[in-house]
Colleague: 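Before I ask anything, here is the structure I am working with.
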Protein chains: 2
Amino acid sequence: MDSIVHNSVTCKKARLAIRDTLDVIGGKWKMVLLTILMDGKKRFLELSREAEISPRILSKELQEMELNGLVSRTVCNTKPVTVEYALTPYSETLKEVLEAMGRWGQQHRERIIEEIAQPQ
Amino acid sequence: MDSIVHNSVTCKKARLAIRDTLDVIGGKWKMVLLTILMDGKKRFLELSREAEISPRILSKELQEMELNGLVSRTVCNTKPVTVEYALTPYSETLKEVLEAMGRWGQQHRERIIEEIAQPQ
DNA sequence: TACAATACTATCCATTTTGTAACTACTATT
DNA sequence: AATAGTAGTTACAAAATGGATAGTATTGTA
C-alpha cells in the first residue's frame, strides 16, 4: 500500500519534470539550435543557414531561449551590425539531456538501417 | 581547417540524431506516457485518466509508439474486453533520455522557485 | 543616389497538432 | 429490452506551429 502511494507520487513528479523540460526545450528547433551553438557562438544568419530555419521562427526561438537563460545575445558594433548568440553557463546543465538524445537517435537509426538490410 | 570540417560533420550528425529522437518521442504526450508505463502495464482507460488525455489522442499516440516498437498491446479476454499496454525491452534504451529529462526538469523547477523567492 | 549586408519584423497562409463530443462494437448485467 | 463498462473511432473545431514573402532600419560602398 505504501509502495503504491510512493510510486504514484514519484511517477507524478517524474511526469511533471518531463513536462517542464519539454516546455523549455520542446518543439522542433530548440534542441537543434542548442546543438549547433555547442560548436561555438554564431550570428543570426549563420544559425539561419545552418539550421535551415526561416528568420521569423529563428527570431522567436532565440527570444524564448534567451528568456529561459539558455542563450546570450550580444550586439557587436561592426560595419553592418552583427549579433552573436552563444550558450550560457546554465545551458550546460542540459548537456546530459542533449547527449542522451544524440546517442539514442544514433543507435536508433542504426537499428532501423539494420532492419531494412535484413528484415527480421 | 581539419578541425572545422570535423566539427561541422559531427555537429550535423548530432543534429540529425536529435531530430531522429524527436521524431520518435517528440510531441506533447509520448514521453509522459512512457513515464507512466514505467510504473507497470496499464489499460487504455487507466492511461487516459492518469495522463488526462482524450481517447482520440491516446489511441493515436499508442499506435505510433507500437509501430516504433516502444510499447506492446495485449488484448485480454476478460468480461468486457480490456487491453493492456506495456513497455517493450526496446523502450528501455530510452531510460537514459527520460531520466536525464526528469532530472533536468526537477532542478530547473527548483531554480525557478528560488528565483521567485529571492529575485536575483 | 542606388545598392548591398545584417538582423530582424509584419503579414498572410498552410499544415500539424490537439481537443471535444458523440458514436460504434462487444459483452455482461438487470 | 435497457443499461453499463471497455476500447476505441469519427466528425468537426480550435489552437499551435511553421513557412514564404516582403518590408524596415542601419550603415557602408560604388
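Keep in mind that this is a model prediction, so the values were computed, not measured. Residue numbering restarts at 1 for every chain, and letters A, B, ... go by the order of the sequence lines.
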Colleague: Quick one: what's the B/S/- string for nucleotides 21-26 of chain D, heavy-atom cutoff under 4.0 Å, read 5' to 3'?
Modeller: ------

Colleague: Quick one: bend of the helix from dT1(C)-dA30(D) to dT30(C)-dA1(D) from 5 pairs per end, to 10°?
Modeller: 30°

Colleague: In the hydrophobic clustering that connects Ile, Leu, Val, Met, Phe, Trp and Tyr at side-chain heavy-atom distances below 4.5 Å, which members other than Ile112(A) occupy its cluster, ordered by chain and number?
Modeller: Ile116(A)

Colleague: Apply side chain to side chain contact (heavy atoms under 4.5 Å, CB included) to Lys41(B) and list each qualifying residue two or more places apart in sequence or on a separate chain.
Modeller: Glu84(B), Ala86(B)

Colleague: Mind checking side-chain hydrogen bond (donor to acceptor under 3.5 Å, both in side chains) for Ser48(A) and listing every partner two or more places apart, or none if nothing turns up?
Modeller: none

Colleague: Applying side chain to side chain contact (heavy atoms under 4.5 Å, CB included), can you list everything that pairs with Leu16(B), at least two apart in sequence or on another chain?
Modeller: Arg109(A), Asp20(B)

Colleague: Tell me, which of residues 68-78 of chain B have any heavy atom that sits under 4.0 Å from an atom in DNA chain D?
Modeller: Arg73(B)

Colleague: Going by side-chain hydrogen bond (donor to acceptor under 3.5 Å, both in side chains), name the pairs with one or both residues in residues 64-77 of chain A, residues two or more places apart or in two chains.
Modeller: Lys30(A)-Glu64(A), Arg73(A)-Tyr85(A)

Colleague: Using heavy atoms and a sub-4.0 Å distance, could you list which residues of residues 19-29 of chain A are near DNA chain D? By number, please.
Modeller: Lys28(A), Trp29(A)

Colleague: With sequence neighbours left out, what residues match Leu22(B) under side chain to side chain contact (heavy atoms under 4.5 Å, CB included)?
Modeller: Met31(A), Met101(A), Ile18(B)

Colleague: With a 4.0 angstrom cut-off to heavy atoms of chain A, pull out the first and last contacting nucleotide of DNA chain C, in 5'-to-3' order.
Modeller: dA5(C) to dT11(C)

Colleague: According to side-chain hydrogen bond (donor to acceptor under 3.5 Å, both in side chains), who are the partners of Gln106(B), at least two apart in sequence or on a separate chain?
Modeller: none

